[in-house]
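Structure, as structure tokens:
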Amino acid sequence: SFAHNYVSLDTQNGETGVNGFYQFAGLSGPHTLTSYLEGPWVAVSNAQLPRSDYAAQITSDTNETTHDWNWDADDISYLDEESNAFYHVNRIHDYVASVGVTEMDLQMMVTVNMNQYCNAYWSYPPHCLNFYQAGNGCESTGVISDVVYHEYGHGINHALDPSLMD
């Protein structure tokens, strides 16, 4: 799993740390683990498909049960646009936070595979990143990390000085 990914175990909610690990205490017996590509800094949806999710039945006889998964197998988008956008929005958020920009400490809504081609855009309100589907000779913009960073940059500019976006 990725950093900053919400994870639920039955009725308990948690979040993966920067290394992608999570922990639930006091486990015994069977449990249902679920996750979506959502966390405190980004929530991803797909304009053409239900959002990707992960679900597993796990059984714990001790407090030390380990369960790991890779979003590559559970991201149902064309070329893993959902997980790609989730990863890169978290990565750029963590970078700007490390240099003292806290104005982006919010959940960015991300939509991939919008029904247009060869572009992407940032919009406000609310804070949204929007990526177009593949077609007309262009790849899906949700798989191009430079495009994710570029559009997120518009959000940074707006957060620091809204007049820059007028």
Side-chain angles (χ1 to χ4, degrees), residues 1-8 12-23 34-55 69-166:
S1 60
F2 293 122
H4 310 300
N5 198 172
Y6 290 153
V7 180
S8 296
Q12 295 182 60
N13 297 312
E15 178 186 336
T16 59
V18 295
N19 58 10
F21 297 141
Y22 60 92
Q23 183 173 350
T34 57
S35 186
Y36 298 93
L37 289 164
E38 183 174 350
W41 316 130
V42 60
V44 179
S45 66
N46 190 321
Q48 298 180 10
L49 299 167
R51 69 180 179 167
S52 294
D53 67 341
Y54 177 80
W69 78 91
N70 183 330
W71 273 107
D72 187 48
D74 296 289
D75 182 342
I76 61 173
S77 57
Y78 165 65
L79 287 175
D80 295 343
E81 292 93 339
E82 292 178 56
S83 56
N84 187 70
F86 183 86
Y87 171 80
H88 287 289
V89 169
N90 275 303
R91 187 169 180 194
I92 190 64
H93 169 270
D94 289 353
Y95 173 75
V96 298
S98 76
V99 296
V101 178
T102 59
E103 288 83 356
M104 298 303 289
D105 287 351
L106 53 88
Q107 189 181 62
M108 181 80 64
M109 306 307 294
V110 172
T111 304
V112 299
N113 291 323
M114 294 185 70
N115 195 22
Q116 294 185 45
Y117 312 101
C118 304
N119 208 348
Y121 65 96
W122 174 83
S123 62
Y124 173 84
H127 297 274
C128 296
L129 297 174
N130 304 281
F131 300 100
Y132 293 171
Q133 67 184 348
N136 287 354
C138 298
E139 188 52 82
S140 170
T141 55
V143 299
I144 305 169
S145 59
D146 289 352
V147 174
V148 175
Y149 298 141
H150 173 91
E151 297 304 330
Y152 194 90
H154 290 299
I156 296 169
N157 288 340
H158 181 266
L160 295 175
D161 186 352
S163 70
L164 294 174
M165 303 305 289
D166 292 338

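None of these values were measured; they are calculated from a predicted model.
The OH atom of Tyr124 sits 14.5 Å away from the CE atom of Met109 when rounded to the nearest 0.5 Å. Rounded to the nearest 0.5 angstrom, Glu139 CD and Cys118 SG are separated by 10.0 Å. Going from atom CG of Asn119 over to atom CG of Asn136 covers 12.0 Å, rounded to the nearest 0.5 Å. Put simply, CD1 on Ile76 and CD on Gln48 are 11.0 Å apart, with the number rounded to the nearest 0.5 Å. Between atom OG of residue Ser35 and atom OH of residue Tyr22 there is a gap of 9.0 Å, rounded to the nearest 0.5 Å. In this structure, CD in Glu38 is found 11.0 Å from CD in Glu15, a value given to the nearest 0.5 Å.
Side-chain N or O atoms of Thr16 include none that pairs as donor or acceptor with a backbone N or O of Phe21 at under 3.5 Å. Between the side chain of Asn84 and the main chain of Gly142, a donor-acceptor pair closer than 3.5 Å is present. Using modelled atom types, no side-chain atom of Thr141 and backbone atom of Phe131 make a donor-acceptor pair closer than 3.5 Å. Looking only at distances, a side-chain donor or acceptor of Asp75 sits under 3.5 Å from a matching main-chain atom of Ser83. Side chain of Glu103 to backbone of Ala159: no donor-acceptor contact under 3.5 angstrom is found. Not one N or O on the side chain of Asn130 forms a donor-acceptor pair closer than 3.5 Å with the backbone of Val112. A distance-only check finds a donor-acceptor pair linking the side chain of Ser1 to the backbone of Gly20 [under 3.5 Å]. Glu81 contributes a side-chain N or O that, together with a main-chain N or O of Leu79, makes up a donor-acceptor pair within less than 3.5 Å. Here the side chain of Glu151 pairs a donor or acceptor atom with the backbone of Trp122 at under 3.5 angstrom.
Side-chain contact check for Tyr121 versus Met114: some heavy-atom pair is nearer than 4.5 Å. Two residues are said to be in side-chain contact when any heavy atoms from C-beta on lie closer than 4.5 Å; Asp53 and Thr34 fail this criterion. In this structure, the side chains of Val143 and Asp80 stay at 4.5 Å or more apart for every pair of heavy atoms.
Across Trp41, Phe2, Tyr36, a single residue satisfies side chain to side chain contact (heavy atoms under 4.5 Å, CB included) together with Phe86, and that is Phe2.
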Requested in this report: Report the C-alpha separation of Asn46 and Ser77 in whole Å, then their side-chain angles, then the decisive distance to 0.1 Å, and conclude whether the side chain to side chain donor-acceptor pair (under 3.5 Å) test is met.
Outcome: CA-CA 8 Å; Asn46 190 321; Ser77 57; 4.7 Å; no
